J.: 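Let me give you the structure first, and then I'll get to my questions.
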Amino acid sequence: MSIYDTLNDMQKEAVFHTEGPLLILAGAGSGKTRVLTHRVAYLIEEKGVQPWNIMAITFTNKAAGEMKERVQNLVGFGSDQIWVSTFHSSCVRILRRYIDRLGYENHFTIYDTDDQKSLMKDVFKRLNVDTKVYKERNILAQISKAKNDFISPEQFASDNQFDFTKKKVVECYKLYQELLKSNNALDFDDLLVKTVELFQNNQDVLDYYRERFKYIMVDEYQDTNTVQFKFISMLAEEHRNLCVVGDDDQSIYKFRGANIKNILNFESVFTDAHVIKLEQNYRSTQSILNAANEMIKNNTERKAKTLWTDRGDGEKITFKMVDFAQQEAVYVAESIKKYVEEGKNYKDCACLYRTNAQSRLLEESLMRYNIPYKIVGGVNFYQRKEIKDILAYLKTVNNGVDDLAVRRIINVPKRGIGSASIDKIQEYADTNGISFYDAARDERCLEHIGRSASKVKSFVDLIQVLRTKNEFIKVVELIDEVTEVTGYIRELEADNTDESKERIANIEELLTKAVDYQMKAEEPSLNGFLEEVALVADIDSLDPESDYVVLMTVHSSKGLEFPNVYLCGMEDGLFPSYMSISSDDPLDIEEERRLCYVAITRAMDTLHISCAKQRMVRGETQYNKMSRFVKEIPMELLDTGMKKAQSPEKEKRRITRPTQASSARDIINSKAFEPRQFKVTKLTGLEYAEGDRVKHIKFGEGTVVTIVNGGRDFEVTVNFDKVGVKKMFASFAKLKKL
DNA sequence: CTCCTTTGTCTTTTT
DNA sequence: GACAAAGGAG
């Protein structure tokens with residue numbers, strides 16, 4: 001009996017095939033992580049491969065951590081020598097050692113999206129770009145696309161030399177790169193690009209890593225882009241032991257430059273590649289798989305596969321259509337409540353949606369029902385103002401070359417250094433070819449700026465003191481020092497609002513993370529901390545120990561599984577998104593369908609699909625049809641909740657019931673559970689009485705005729721001047737007394 | 001220089 | 001509808 005006996009035949013084949021290129025087409029839930037971990041174990045224990053000769057690349061830090069842990073359980077000895085990490089952190093590790101060969105300093109900083117945007121703003125200013133014509137986001141997207149395809153600014157220029165619309169973009173790309181370099185910074189895409197450049201120009205470095213990584217494995221291969229492909233194929237070229245695992249049906253990151261051809265054409269690039277399909281699913285019921293299979297069949301660009309399981313049919317998929325988006329949220333909350341009352345756990349439930357904006361309604365509803373929840377994604381912890389401010393201080397202390405960071409905090413908290421002074425310092429820096437911080441330190445520069453000079457001086461002194469201290473103290477203490485000396489915390493405390501309290505809590509959270517880092521890291525350093533912080537995704541913070549419902553986008557849910565899944569907002573225009581419907585490229589819809597496939601296959605036991613006829617999007621009401629994807633699921637797999645109705649008469653009634661009333665009822669019901677801490681207008685005691693003049697948002701002004709206490713809510717009858725008598729629920733009508 | 005109001009953009013998804 | 005950026009008043 002060996003550890004490999006638990007694998008099925010196909011999985012075994014994948015594990016035992018260790019030499020040469022291997023493509024594993026692993027359907028959702030087919031145990032690909034098991035295969036990967038067992039393969040690592042097999043390499044070490046049966047093939048005598050040294051652990052440090054193995055590299056495994058995953059998509060998220062979380063996946064990397066999980067894989068490490070599972071390998072550890074299988075192998076035990078030496079597993080910490082295996083290089084298990086994401087593309088980005090692998091590259092950072094390599095670049096920290098060798099990037100000086102490309103003329104950067106080894107302690108470079110990593111720019112996130114916000115930093116990129118500010119830098120691009122700077123570029124626009126310097127190039128006199130009309131912000132009415134060009135958008136930072138748009139230009140950055142084009143640059144990112146170029147980088148993902150490994151196109152340098154020069155190449156990009158010559159590719160587009162006859163395209164006048166691209167002329168500005170070309171200039172921006174060039175200057176953007178120059179500024180990044182002078183700030184000693186790399187953006188996310190650069191991490192890959194620079195590593196590949198490093199390999200191309202330094203044979204010795206490439207040889208070193210080729211020798212080191214004799215066996216390479218890549219997870220989520222369908223989401224790799226061209227640079228990433230270059231990166232791994234360069235590394236694997238000599239030993240050719242490249243094993244990639246992926247599912248073309250789960251390729252959902254085209255917008256980020258993922259090249260689905262990497263997986264579809266793997267066999268034509270590596271002609272001797274062995275291909276293995278894993279189609280047995282160990283996660284979901286057959287009903288769920290059937291739904292997923294039937295839907296994904298509608299895609300043209302895919303390698304045919306059909307998932308199956310021996311788990312049995314299981315329950316049908318519930319489908320619920322409601323009138324208003326609010327009701328959908330209530331429905332989900334009630335359903336979760338029932339689920340938990342059956343003795344099950346919150347943490348087994350997940351609410352998935354297409355866009356982050358949808359989380360709000362769900363959040364409010366879950367709150368009312370006292371259901372613990374956690375939102376993944378949205379505004380990333382590290383994107384919050386206070387966190388970015390503190391980190392900018394740390395960056396400035398660590399590396400005064402990052403102009404963005406310095407400019408961000410030179411007047412935070414306010415110390416009387418306005419934009420005029422900042423501009424002057426920048427000007428001085430530019431003309432003398434030095435960094436912003438060095439300019440601020442320069443006596444001669446300060447002469448130009450008059451009154452604020454002393455203030456700039458004291459800022460510089462502050463940083464210098466922190467720098468000196470940094471030599472002796474830990475990261476945690478440095479953060480404490482920063483928040484203390486600058487008066488950052490004091491200012492927030494003085495504010496004493498809910499918001500400022502939350503900010504302080506966030507800063508404390510950052511301190512916890514720093515302590516965490518301090519204990520975990522082999523050689524803790526300020527630089528190391530900043531680096532780790534730059535590469536974490538929100539999904540990495542999911543804690544399997546605590547019991548809460550998880551809310552996230554379908555994108556974030558990739559690679560996860562939950563016994564009970566709610567798929568919300570299944571409406572045409574939302575999912576599939578309006579963008580993909582109106583696109584002239586039919587492949588855009590296919591990408592959405594794959595996304596939907598990912599969503600459905602997250603579910604293990606039960607899946608609930610819901611949609612609303614009416615919903616507010618971007619401040620305007622939208623009326624959407626049920627998603628076309630739902631229609632692609634065979635009816636017999638769906639439980640619409642209609643069956644129990646005995647007579648067709650009854651059926652008809654529930655459909656034609658006035659929408660306002662039913663929606664009001666749901667909202668009232670939801671309020672019955674409302675714990676005290678939430679600010680919702682109390683139902684007892686209306687601000688108006690019979691005979692009062694009131695105003696309704698839609699019907700205009702009118703006179704209250706009667707108010708009837710209907711138990712949970714008041715039923716108000718109003719005679720409106722323009723539209724006549726209307727009956728409505730008080731909590732829903734939101735009448736204002738005049 | 002700071003604070004307040006107005007205006008505009010966003011919403012598709014993220015390492 | 002929410003939030004950031006820009007513009008104007010003090």
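Owing to the predicted nature of the structure, the values given are computational and were not obtained by experimental measurement. The figures that follow rest on heavy atoms only: side chains count, while hydrogens, waters and symmetry mates do not. In what follows, every chain begins at residue 1, and chains take the letters A, B, ... in the order their sequences are listed.
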J.: Under a 3.5 Å threshold, yes or no: a donor from one side chain and an acceptor from the other, between A/Glu532 and A/Tyr517?
T.: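 Distance-only check fails for A/Glu532 and A/Tyr517.
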J.: Among B/dT15, B/dT2, C/dA4, which nucleotide has an atom closest to any side-chain atom of A/Asn411?
T.: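 Closest nucleotide to the A/Asn411 side chain: B/dT2.
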J.: If you assign each of A/Lys455 and A/Ile252 to its closest nucleotide in DNA chain B, which residue comes earlier from the 5' end?
T.: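 The answer here is A/Lys455.
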J.: Let me know the distance between CZ of A/Phe188 and P of B/dT14, rounded to the nearest Å.
T.: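 Atom-to-atom, A/Phe188 to B/dT14, this comes out as 12 Å.
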J.: Of all the nucleotides listed (C/dG1, B/dT15, B/dC1), which has the minimum atom distance to the side chain of A/Ala420?
T.: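 Taking heavy atoms from C-beta onward, the closest nucleotide is B/dC1.
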J.: Compute whether any side-chain donor of one residue and acceptor of the other, for A/Gln142 and A/Lys147, lie under 3.5 angstrom apart.
T.: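 The criterion, which ignores hydrogens and geometry beyond distance, is not satisfied for A/Lys147 and A/Gln142.
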J.: Under a 3.5 Å threshold, yes or no: a donor from one side chain and an acceptor from the other, between A/Tyr176 and A/Gln116?
T.: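 Result is yes, a qualifying pair exists.
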J.: Quick one: ring-ring contact (aromatic ring centres under 6.0 Å, His included) partners of A/Tyr253, sequence neighbours excluded?
T.: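 If we apply the ring-ring contact (aromatic ring centres under 6.0 Å, His included) test to A/Tyr253, skipping adjacent residues, the hits are A/Phe59, A/Phe255, A/His555.
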J.: Please check: side-chain N/O of A/Arg628 versus main-chain N/O of A/Asp572, any donor-acceptor pairing under 3.5 Å?
T.: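 Such a contact is absent between A/Arg628 side chain and A/Asp572 backbone.
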J.: What is the distance, rounded to the nearest whole Å, between atom CG of A/Asp114 and atom P of C/dA5?
T.: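 One finds 8 Å between P of C/dA5 and CG of A/Asp114, rounded.
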J.: Which range-with-range stems can be found for DNA chain B when each stem has 3 or more Watson-Crick or G-U pairs in a row and both distances sit under 3.5 Å?
T.: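 Looking at DNA chain B, the stems formed by three or more consecutive pairs are B:1-10 with C:1-10.
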J.: Say we look at B/dT12 and C/dA5: how far apart would their C1' atoms be, to the nearest angstrom?
T.: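 Their C1' atoms lie roughly 23 Å apart.
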J.: NZ of A/Lys388 versus C1' of C/dA4: gap in Å, rounded?
T.: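 Distance, rounded to whole Å: 14 Å.
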J.: Distance check needed: B/dT15 P versus A/Phe231 CZ, whole Å only.
T.: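 Interatomic distance, CZ of A/Phe231 to P of B/dT15: 18 Å.
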J.: To the nearest Å, how far apart are A/Glu591 CD and B/dT14 P?
T.: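 Rounding to the nearest Å, CD of A/Glu591 and P of B/dT14 are 13 Å apart.
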J.: For A/Asn262 and A/Tyr221, which I'm curious about, is there any donor-acceptor pair between the side chains at under 3.5 Å?
T.: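 The criterion, which ignores hydrogens and geometry beyond distance, is not satisfied for A/Tyr221 and A/Asn262.
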J.: A/Arg384 has an atom CZ; how far is it from atom C1' of C/dA2, in whole Å?
T.: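 Rounded to whole Å, this separation is 15 Å.
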J.: Pick out the pairs of N or O atoms, protein on one side and nucleotides 6-12 of chain B on the other, that lie under 3.5 Å.
T.:
{"residue": "B/dT11", "atom": "OP2", "partner": "A/Arg137", "partner atom": "NE", "Å": "3.3"}
{"residue": "B/dT11", "atom": "OP2", "partner": "A/Arg137", "partner atom": "NH1", "Å": "2.7"}
{"residue": "B/dT11", "atom": "OP2", "partner": "A/Arg137", "partner atom": "NH2", "Å": "2.7"}
{"residue": "B/dT12", "atom": "O2", "partner": "A/Arg354", "partner atom": "NH1", "Å": "2.8"}
{"residue": "B/dT12", "atom": "O2", "partner": "A/Arg354", "partner atom": "NH2", "Å": "2.4"}

J.: Looking for any heavy atom pair under 4.0 Å, which part of the strands does A/Leu574 touch: base, sugar-phosphate only, or nothing?
T.: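 No contact.
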J.: Taking the C1' atom of each, how far is C/dA6 from B/dT11, in whole Å?
T.: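 Approximately 22 Å lies between the C1' atom of C/dA6 and that of B/dT11.
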J.: Are any side-chain N or O atoms of A/Ser118 and backbone N or O atoms of A/Asp114, one a donor and one an acceptor, separated by less than 3.5 Å?
T.: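 Yes; at least one donor-acceptor contact below 3.5 Å.
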J.: Tell me if the OH atom of A/Tyr134 is crowded by more than 12 foreign heavy atoms within 6.0 Å.
T.: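 Result for OH/A/Tyr134: enclosed.
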J.: Do A/Glu328 and A/Ser610 have a side chain donor and acceptor closer than 3.5 Å?
T.: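 Short answer, yes.
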J.: What is the distance, to the nearest angstrom, from the CD1 atom on A/Ile410 to the C1' atom on B/dC1?
T.: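 In whole Å, B/dC1 C1' lies 14 Å from A/Ile410 CD1.
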J.: When you check the phosphate oxygens OP1 and OP2 of B/dT14, does a side-chain N or O of A/Thr553 lie under 4.0 Å from one of them?
T.: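 So the side-chain polar atoms of A/Thr553 do come within 4.0 Å of the phosphate oxygens OP1 or OP2 of B/dT14, strictly under.
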J.: Within the pair A/Asn225 and B/dT15, is there a side-chain N or O less than 4.0 Å away from OP1 or OP2?
T.: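 No, outside the criterion.
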J.: For the pair made of CD1 in A/Ile417 and P in B/dT2, what is the distance, rounded to whole Å?
T.: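 That distance rounds to 9 Å.
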J.: With a 4.0 Å cut-off on heavy atoms, is A/Lys414 in touch with a base, just the backbone sugar-phosphate, or nothing at all?
T.: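 Sugar-phosphate contact only.
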J.: Is it true that A/Asp219 and A/Thr58 share a donor-acceptor pair across their side chains at a distance under 3.5 Å?
T.: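 No.
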